[in-house]
Amino acid sequence: MSSSATSEKDSSSGARPATYRFECIGCASVTPSPANDFRCPHCGNLLEITDPAWKAPHGNPESLKSLWRERRLLNRPVDLSGVWRFRELLPAPSSEHLIVTLREGNTPLYELPRSSRSTGIAKLYAKHQGMNPTGSFKDTGMTVAATLARQAGFAWVACASTGNTSASMAAYAARAGMRSLVLVPEGKISWSKLSQALDYGALTCQLRTDFDGCLRLLQELVKRAPVYQLNSINPFRIEGQKTAAIELLEQFDWEPPDHIIVPGGNLGNSSAIGKALLEMHNLGLISRLPKLSVIQAEGANALVRTLRETGGKRLVSVQAETRATAIRIGNPASWQKAVRVLQATGGSCEEVSEAEIAEAKAEIGAEGIGCEPASAVTLAGLKKLLRHGFVKAGETVVLILTGNLLKDPDFTIEFHRGEIPGKEANDRNKELDSFRHPPVVLDATLDAVMQALERAEKSTPVSNAISNESET
Ligand code: F0G
């Protein structure tokens with residue numbers, strides 16, 4: 001029941017021999033085959049995958065870029081996947097036939113013309129990871145970790161989740177013929193995420209605790225039962241999530257943006273994107289590093305406080321509370337990895353209020369794109385970073401939108417009905433009303449609909465029409 005790397009070469013599939021290893025981020029000791037808890041056997045810290053083979057063929061980054069581009073024309077599942085297309089920088093399974101893929105990745109990079117106007121940043125983009133098969137960025141990591149779970153022969157996979165990890169894990173487990181166990185905080189995840197886990201056939205346990213309590217319990221469970229842990233403590237997840245950054249740079253023709261902004265919860269995603277940036281820079285795929293910044297909700301601001309109060313040396317845990325339930329996390333597992341990449345890229349860390357999240361989410365909706373509340377912290381955070389002078393109007397900025405609009409319909413409906421962010425915040429910020437479009441109930445008559453049309457025309461001028469869209 002180990003998850004060790006295999007050294008066999010499968011010549012029929014063209015898979016590479018595995019040369020990756022697990023390195024502790026605390027004491028730097030190397031573990032060839034970690035235990036089920038994916039912790040360093042010496043100091044208990046998290047592990048990270050490194051591989052001396054991750055270097056450009058013949059030292060030429062251009063040939064790697066061409067190889068990845070050419071694969072976009074091929075029709076094999078492994079090439080259609082926007083994760084495995086970049087397999088030279090991933091831990092490879094012993095055979096490509098083991099790969100569990102739902103054709104994840106390949107997500108769009110959108111321009112944000114409305115938000116460009118409101119922020120004054122001409123070159124503002126959103127990389128929408130919510131356009132993945134189960135509606136969140138988790139799929140990019142899950143395809144890699146589920147593949148390695150299948151290779152290791154596990155019958156059960158498991159995760160603690162605020163909803164998206166569980167939806168993704170349940171889907172990939174179903175595809176691979178594995179059983180899945182989901183631990184979620186009762187009443188604290190959206191129905192749409194819960195319903196995904198149910199439909200994909202997971203054993204779904206709603207625990208009377210928060211996310212941090214679910215994760216603690218899971219870490220005990222994996223020491224006792226032969227279940228494979230699929231939280232982002234699992235370093236294979238981080239490897240797959242690197243590809244969002246690789247694909248983003250490819251979409252920019254390898255000309256790095258100045259800033260990449262991500263939401264922060266358990267801090268696996270920021271760690272993954274930062275790791276990818278550093279690896280791409282080392283390999284000569286990019287000539288300079290974008291600054292990676294992490295944004296948290298004010299009520300779940302463990303990283304903000306960790307940096308502010310200890311300079312990133314000691315975790316400051318918090319009792320998390322926010323309506324952006326995906327990032328309602330107070331004790332982030334990957335905080336040290338996140339601190340490291342933030343410092344290495346010169347990024348920043350900010351917190352935003354519930355009202356700022358609601359407004360930013362509505363703005364992204366008004367772009368015709370939409371996202372879930374946790375993703376909207378990126379736009380809200382950008383506005384703060386601009387005010388503080390950390391981001392400048394002439395710079396190129398990419399927001400990583402992590403989850404689909406359809407992930408949290410309750411939040412969206414409550415916002416349009418005027419119930420979010422709450423009476424006091426509503427009174428303070430009347431501008432929010434211009435984003436609200438509550439449904440109207442009418443008699444089923446032509447007159448009633450015509451009158452509604454006239455009322456809408458008077459109250460909302462169409463001055464915000466998007467004119468020059470040119471998505472990449
Ligand atoms: N955005 C969304 C939509 C998420 O679902 C999450 C995390 C994050 C941002 C934060 O990413 O944890 O890597 O810093 N969701 C996890 C889950 C915790 O269980 O679905 P992170």
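Start at 1 and go down the list; that is how both ligands and their atoms are numbered.
Among residues two or more places apart in sequence or in another chain, the salt bridge (Lys or Arg N to Asp or Glu O under 4.0 Å) test is passed with R208 by none.
Ring orientation note: the planes of F252 and Y125 are nearly perpendicular, at an angle over 60° on the 30°/60° scale.
With respect to the salt-bridge test (charged N to carboxylate O, under 4.0 angstrom), the residues E414 and R417 do not qualify.
Remark: of the listed residues T143, N269, T165, T165 is the sole one forming a side chain to side chain donor-acceptor pair (under 3.5 Å) with K138.
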Find all protein N or O atoms under 3.5 angstrom from an N or O atom of ligand 1 and list the pairs with distances, or write 'none'.
| from | atom 1 | to | atom 2 | distance (Å) |
| --- | --- | --- | --- | --- |
| ligand 1 | 1 (N) | T402 | OG1 | 2.7 |
| ligand 1 | 5 (O) | N164 | ND2 | 2.8 |
| ligand 1 | 12 (O) | N266 | N | 2.7 |
| ligand 1 | 13 (O) | G268 | N | 3.2 |
| ligand 1 | 13 (O) | N269 | N | 2.8 |
| ligand 1 | 14 (O) | G265 | N | 2.8 |
| ligand 1 | 14 (O) | N266 | N | 3.3 |
| ligand 1 | 14 (O) | L267 | N | 2.7 |
| ligand 1 | 15 (N) | K138 | NZ | 2.9 |
| ligand 1 | 15 (N) | T162 | OG1 | 3.4 |
| ligand 1 | 19 (O) | S161 | OG | 2.7 |
| ligand 1 | 19 (O) | T162 | N | 2.7 |
| ligand 1 | 19 (O) | T162 | OG1 | 3.3 |
| ligand 1 | 19 (O) | T165 | OG1 | 3.1 |
| ligand 1 | 20 (O) | S161 | OG | 3.4 |
| ligand 1 | 20 (O) | T162 | OG1 | 3.4 |
| ligand 1 | 20 (O) | N164 | N | 3.0 |
| ligand 1 | 20 (O) | T165 | N | 2.8 |
| ligand 1 | 20 (O) | T165 | OG1 | 3.1 |

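R114 places no side-chain N or O within donor-acceptor distance of the main-chain N or O of E367, the cut-off being under 3.5 Å.
Interatomic distance, CG of L198 versus CG of L203, reported as 10.5 Å (0.5 Å rounding).
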